[in-house]
Structure formats: structure tokens, C-alpha cells
Protein chains: 2
Amino acid sequence: MAKPVAERAEVIPLLAEVFRTRGYEGATLGLISEATGLGKGSLYNFFPGGKEEMAREVLAHVDAWFTDHIYAPLRRTKDPDAAIAAMFVAVDGYFRSGGRVCLVGAMALDATREVFAGRIRTYFVGWIEALTAALRRRGEPKARARHMAESCVLEIQGALVLARALDDREVFARALKASRQRLASR
Amino acid sequence: MAKPVAERAEVIPLLAEVFRTRGYEGATLGLISEATGLGKGSLYNFFPGGKEEMAREVLAHVDAWFTDHIYAPLRRTKDPDAAIAAMFVAVDGYFRSGGRVCLVGAMALDATREVFAGRIRTYFVGWIEALTAALRRRGEPKARARHMAESCVLEIQGALVLARALDDREVFARALKASRQRLASR
DNA sequence: GTCTATAGAGTGATAGAC
DNA sequence: GTCTATCACTCTATAGAC
């Protein structure tokens, strides 16, 4: 038996980077093979469902990362303001200060949305609900908390679009700062 | 001479709809042919540069529409508040209250950005500068006007992402309303 | 009859599946 | 790596305006 070249789990971040930079349709198996160092045979061994399964696993991985690093702390915290501050730090790090695109957001705009609608929705619902929970725990009224959370998530997505369109990370930095201040005001 | 089947100008909105719904890579010539009712011969007669020229013309057409209906009124107006209000109405109409995606924003997130970076940038720079001009004419300080304009454009883009991700136009309506109120406060 | 715009079969390249 | 489908694009026969 041939020695496994890699663990399935460790290729997923590599796949994610290909999908993020090239989009779902632009991520050819050739590029994926190159990025992972895996032949097509190995890829189909790991992901019998092909490219669609790869993307599904990547989305699940992204969702898990956000759940662990962002949603769960927001939900659990005794100190909502600290958790929200931590969220902005994590988001800035994850999106490389605007230099990295949101794969889920990009897929939402693409025709691939139809295929992955469930996971895309889960990601954003999870984010908004976790942030809403933190804001409520801070004492915000229900409707206001929800609206603030929705605005915040939406601003981050818009900032990623604009930062990339203008090729200017400062746009992202400014937007994060403004969003943080808006959540801080009571 | 064979009878021309259409005006070049009148196929561009049809092309735009294909690119908008399928993305650049997902817009196959087969789909384009079907959507326009034009054979490949006609398409290549109109657009010798092929798919890339089609997309370039579509982007130019979108940019022209925004210039005519949004940027120019913002720049020219004697009544900035009315022009800004009109902008929100036009934007809501153009994006079908969140049911339609921003082609330029979607391309900015995609790998196609590299090919169309210039036009993508022009679109957003034009928007931000026009809105900044209107805000300045209303008496906002330069830096604040620019920042408000940037935030507004970014919120619209984010709202389009989120509305589509959640398949909920109300998200777009709420975001437009919030953005309008934020620009109105002095 | 001439000539141009058209339709769509044909081409080579390359995709994803296996 | 091989296979088949499908891609963007080319080419050619033809319809039809002049």
C-alpha cells in the first residue's frame, strides 16, 4: 500500500486557499493538485464526491473555525465587551487585514450559491446570532441587538468587497474601526 | 447582406444579466447565446474580443448607468440632501431591493478581478467621490465626508452579500434605511 | 451577382470524473 | 493517467440586402 502523502484534514486549508483566490469555478483540479501536491487520484481518494465535496468540506472547516474562535466566545462570555473586542481582533487576523477575501461571501454572490446555500446561510446566521447574544447580554434590547449585529457583519463583508475592489487594505481597517465604535456606543 | 439580428447596444443588458447570475467563468457562450438569441457568429461579430470584450462592455455599461443616474446627479445638485435621497431610491431600484447582485462587487471578489481591476476600481472610486462631493456641498468637513461616503458604499455592498447569503431582501431594505439615516445625521 | 452578417458544426484545449 | 464532456473560439456554408 502506498504511503499516504498527507492527512485529509491537513489538505483542507490548502484547498480553502485555492477556492478563496480563484473562486469555485476557477479552482481547477489542476490548480488544486498543484497547491496540495496531491495527484488527482489521491484527491478523489480523500474526496470521492469530487470538487463539490472539497468545497463542502472547506466551508465546513471555515464554519468550524468561526464557531470556535468567534461565535462560541461571543455566546459564552461573561464580559460581552471584551468578547466583541476579541471578535474584531480575530476577524482582522483571519481576513489578513482585508488582504484575504471571505470565501463564504464570495460564494454567496456567485452561481455556486445555489449548491452551497445551506452552509452559506449557516455561517452568516451563526455569526449574527452569536453577536446578537453578546449584545443582549450587555443589556441591549432584543431588536436593537439583532440589528446592530446584522449591520456589523454586513459592514465587514462590504469592507472586504471594497478593500479588494480598491486594492486598499486601509478601507478594511477604517471600516473595522468604525464598526467597533458603533457597537461600543450605548 | 444578411439582416442584422439585433443592435449591439441592445444585447449588452442581456449579457449583463448572464454575467450577474452566473459569474464571469460560469457565463458560458452557450448560455450567452441562449440568453441573447444570437449565434456565436453574431456574438463574435459584435464582440471580436470574445467573452472578455463582452464583460468589458458590460462593465462599461454598468458604469455609464451609475454615472448617469447616480454619480452625475450627486455631483451637480444644488440640493445635496435631495440628491442623496434620490441615490437611495435609484440604488434600491437598480439592485431590485436586494434581489439582484452587484456584478462589479462580485467580480472584485473573484479571480476575474485581475483582468478587470481598472474598471472595477473606477466604478467604486466614482461612486465614493460623487457621494463625497455631495456631502461636502452640504457642509461636511472633507475627511468626514469621504469617510461617510466610503461607509455608505461599503454598507450597500455588504447588504447585497448578506441579503443574498440569507436569501432575504429585508436585510437589504434595513441596511439601506440605516445607511440613509446615518448620512442624514449631521 | 456581390458581399456581409449569421448560424452553428467543427476545433483544439482543458475541465472534472474516475 | 485516461476518458468523456464541455469549454472558448474558428470557420464555412448560406441567407438575404443591395
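In what follows, every heavy atom counts, from backbone to side chain, and hydrogens, waters and symmetry copies are set aside. Per chain, numbering begins at 1; letters A, B, ... match sequence-line order.
Ring-plane geometry between A:Phe66 and A:Phe95 is classed as tilted, the angle between the planes lying from 30 to 60 degrees on a 0 to 90 degree scale. Ring planes of A:Trp127 and A:Tyr123: perpendicular class, angle over 60° (limits at 30 and 60°). Between A:His69 and A:Trp65, the ring planes lie parallel to each other; the angle is under 30°, not in the 30° to 60° tilted range.
A straight line from CG of A:Leu31 to C1' of C:dT14 spans 12 Å, rounded to a whole angstrom. For A:Met54 and C:dC18, the CE to P distance is 11 Å, given to the nearest whole Å. Distance B:Asn45 CG to C:dT4 P: 11 Å, rounded to the nearest Å. Nucleotide C:dA17 holds its P atom 17 Å from the CZ atom of A:Phe46, rounded to whole Å.
For B:Thr132, the side chain to side chain contact (heavy atoms under 4.5 Å, CB included) criterion is met by B:Ile128, B:Arg136, B:Ala145, B:Arg146, B:Ala149, not counting sequence neighbours.
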Between the protein and nucleotides 11-13 of chain C, which nitrogen or oxygen pairs come in under 3.5 angstrom?
none

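Results of the side chain to side chain donor-acceptor pair (under 3.5 Å) test with A:Glu140 over A:Arg137, A:Arg144, A:Lys142 single out A:Arg144 as the only residue that passes.
The stretch residues 21-43 of chain B participates, sequence neighbours left out, in no side-chain hydrogen bond (donor to acceptor under 3.5 Å, both in side chains) pair at all. Pairs passing the salt bridge (Lys or Arg N to Asp or Glu O under 4.0 Å) check and including a residue from residues 97-112 of chain A, sequence neighbours excluded, read A:Glu17-A:Arg100. Applying the side-chain hydrogen bond (donor to acceptor under 3.5 Å, both in side chains) rule to pairs touching residues 148-161 of chain A yields A:Glu150-B:Arg174, A:Glu155-A:Ser179, A:Glu155-A:Arg182, sequence neighbours excluded.
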Each nucleotide of nucleotides 4-13 of chain D classed B (base within 4.0 Å of a protein heavy atom), S (only sugar-phosphate) or -, in 5' to 3' order, makes ---SSBB---
